2 protein chains.
Amino acid sequence: MSVDKELLKGSTQTLVLTLLARKEMYGYQLIKELELLSGGLFELREGTLYPILHALEAERCVRSEWSSGDGARQRKYYSITKAGRAALKDKKVQWSEFRSAVDKVVFG
Amino acid sequence: MSVDKELLKGSTQTLVLTLLARKEMYGYQLIKELELLSGGLFELREGTLYPILHALEAERCVRSEWSSGDGARQRKYYSITKAGRAALKDKKVQWSEFRSAVDKVVFG
DNA sequence: TATCTAGGCATAGATATACGAGGTGTGGAG
DNA sequence: CTCCACACCTCGTATATCTATGCCTAGATA
């Protein structure tokens with residue numbers, strides 16, 4: 001992670017859900033996509049991402065399915081659920097409020 | 001804390017240093033001021049703040065001094081150091097980059 | 001006077017989250 | 001054949017915050 005990793009805490013689920021809201025993806029792809037979209041700032045580790053995906057699945061925010069293309073490399077595709085979209089909406093609001101409050105204090 | 005407390009991680013030092021850059025303050029005052037400035041969003045606990053102040057002092061980012069006014073309640077005033085101002089400058093940049101990257105991913 | 005509330009400092013244990021290291025296996029390029 | 005990127009996973013550790021608790025003072029209130 002290029003930025004202080006502590007800054008990331010609390011926003012990773014939001015980031016992951018945001019990507020999955022656009023299209024279903026598999027874990028490795030999420031990492032690469034996130035790195036690309038953030039301009040290289042977020043280099044999420046596998047040891048970070050997979051536990052998050054499993055937690056989101058346990059909370060019924062995402063659903064997973066193994067790809068079954070013959071001969072193709074096995075990938076586990078994750079897609080967002082209705083509950084996931086609702087959670088994402090909340091998280092976006094939380095992020096906005098938080099960001100604005102920090103900006104207000106730090107930059108006046 | 002009104003917002004997800006995990007979001008706060010990594011930015012509390014920045015918030016504290018920002019306030020101390022404006023004027024020297026004591027712990028309890030920092031909590032109240034931060035709550036006020038953030039519109040009630042940041043309700044930092046004493047158990048959170050004091051360890052942070054001690055850590056910042058150990059890193060020579062702040063300096064502390066007990067108030068010595070006769071009869072007055074004893075307060076420990078913290079003031080930012082030159083090193084603290086340099087650290088704050090870095091942290092502000094980090095915060096800006098992080099905020100922009102999250103926004104880019106989450107809001108497009 | 002006695003008690004309650006707010007102010008003021010501090011530490012200890014629990015909890016949450018990310019990382020690093022390690023493990024398994026596939027498939028294509030040199 | 002070997003190496004590296006792909007692709008999944010778990011576990012121990014580090015870090016940061018919160019909750020709970022403790023101690024003490026000063027002013028308000030019953």
Side-chain angles (χ1 to χ4, degrees), chain A residues 1-17 24-36 38 41-59 62 64-78 91 94 98 102, chain B residues 1-17 24-36 41-59 62 64-78 91 94-95 98 102:
Chain A
M1 202 62 47
S2 312
V3 290
D4 181 355
K5 57 194 171 191
E6 291 302 328
L7 280 175
L8 207 61
K9 294 193 178 179
S11 38
T12 43
Q13 286 204 353
T14 308
L15 293 170
V16 169
L17 283 176
E24 65 169 14
M25 297 173 77
Y26 55 94
Y28 201 86
Q29 185 183 10
L30 276 164
I31 292 175
K32 297 302 174 193
E33 200 100 2
L34 192 55
E35 187 180 349
L36 196 68
S38 70
L41 209 67
F42 300 146
E43 294 169 6
L44 217 56
R45 304 291 160 184
E46 294 172 278
T48 304
L49 179 65
Y50 290 115
I52 288 173
L53 286 173
H54 300 158
L56 286 173
E57 191 167 20
E59 296 164 22
V62 303
S64 69
E65 196 182 1
W66 284 97
S67 68
S68 49
D70 347 78
R73 189 189 297 257
Q74 284 294 296
R75 291 165 175 162
K76 197 190 247 183
Y77 278 87
Y78 288 88
K91 283 172 186 297
Q94 286 250 321
F98 173 73
V102 173
Chain B
M1 201 65 45
S2 313
V3 290
D4 181 354
K5 55 195 172 188
E6 293 301 327
L7 280 175
L8 206 61
K9 294 193 179 181
S11 38
T12 42
Q13 284 202 357
T14 308
L15 293 170
V16 168
L17 282 177
E24 66 169 13
M25 297 172 76
Y26 55 94
Y28 201 86
Q29 186 183 10
L30 276 164
I31 292 175
K32 296 303 173 190
E33 200 101 1
L34 192 55
E35 187 180 348
L36 196 69
L41 210 66
F42 300 146
E43 293 169 7
L44 216 57
R45 303 290 160 187
E46 295 171 277
T48 305
L49 178 64
Y50 290 115
I52 288 172
L53 286 173
H54 300 159
L56 286 173
E57 191 167 20
E59 295 164 21
V62 304
S64 69
E65 196 182 359
W66 284 97
S67 68
S68 48
D70 347 75
R73 189 188 298 256
Q74 284 294 296
R75 290 164 175 163
K76 197 190 246 184
Y77 277 87
Y78 288 87
K91 283 172 187 296
Q94 286 251 322
W95 163 252
F98 172 73
V102 173

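So you know, we letter chains A, B, ... as the sequences are listed, proteins then strands, and number each from 1. Predicted model, so just to flag it, every value in this text is computed and none were measured.
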Participant: Record whether the side chain of B:Glu46 comes under 3.5 Å of the base of C:dC9 through a donor-acceptor pair of N or O atoms.
Facilitator: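 Under the 3.5 Å cut-off, the side chain and the base do form a donor-acceptor pair.
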Participant: Nearest of C:dG7, D:dC8, C:dT26 to any side-chain atom of B:Arg75?
Facilitator: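 Nearest to the side-chain atoms of B:Arg75, counting from C-beta on, is C:dG7.
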Participant: Heavy atoms only, 4.0 Å cut-off, all strands: where does B:Gly47 land among base, sugar-phosphate and nothing?
Facilitator: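 If one applies the 4.0 Å heavy-atom cut-off, B:Gly47 turns out to touch a base.
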Participant: On the side chain of A:Arg45, is there an atom forming a donor-acceptor pair with the base of C:dC19 - under 3.5 Å, no angle test?
Facilitator: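 Answer is no: no donor-acceptor pair is held.
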Participant: Find the distance between CD (B:Glu33) and CG (B:Leu44) and round it off to the nearest 0.5 Å.
Facilitator: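 Rounded to the nearest 0.5 Å, the CD-CG separation comes out at 13.0 Å.
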Participant: If you compare every side-chain N and O of A:His54 against the phosphate oxygens of D:dC8 (OP1, OP2), does one of them come in below 4.0 Å?
Facilitator: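 It does not, given that no N or O in the side chain of A:His54 lies less than 4.0 Å from OP1 or OP2 of D:dC8.
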Participant: Output the distance between atom CD (B:Glu24) and atom NZ (B:Lys76), rounded to the nearest 0.5 Å.
Facilitator: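 Between B:Glu24 CD and B:Lys76 NZ, I get 14.0 Å after rounding to 0.5 Å.
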Participant: Taking only N and O in the side chain of B:Thr12, is any of them less than 4.0 Å away from OP1 or OP2 of D:dA16?
Facilitator: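 Checking D:dA16 against B:Thr12, no side-chain N or O comes under 4.0 Å of OP1 or OP2.
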Participant: State whether B:Tyr50 places a side-chain N or O below 4.0 Å from either non-bridging phosphate oxygen (OP1 or OP2) of C:dA10.
Facilitator: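 Looking at the OP1 and OP2 atoms of C:dA10, neither is under 4.0 Å from any side-chain N or O of B:Tyr50.
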Participant: Nearest-Å distance, CD (B:Gln74) to C1' (C:dA10)?
Facilitator: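 Value for this atom pair: 15 Å.
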Participant: From the set C:dT11, C:dC9, C:dA18, return the single nucleotide nearest to any side-chain atom of A:Lys5.
Facilitator: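 Of the options given, the side chain of A:Lys5 lies nearest C:dA18.
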Participant: In terms of heavy-atom contacts, does CD of B:Glu59 have more than 12 from other residues, nucleotides or ligands at under 6.0 Å?
Facilitator: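 Result for CD/B:Glu59: enclosed.
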Participant: Applying a 4.0 Å non-hydrogen cut-off, can you work out what A:Lys9 is touching in the nucleic acid: base, sugar-phosphate, or nothing?
Facilitator: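 It contacts base atoms.
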Participant: Sequence neighbours left out, what passes ring-ring contact (aromatic ring centres under 6.0 Å, His included) with B:Phe98? Give chain and number order.
Facilitator: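 For B:Phe98 the ring-ring contact (aromatic ring centres under 6.0 Å, His included) partners, ignoring immediate neighbours, are A:Phe42, A:Trp95.
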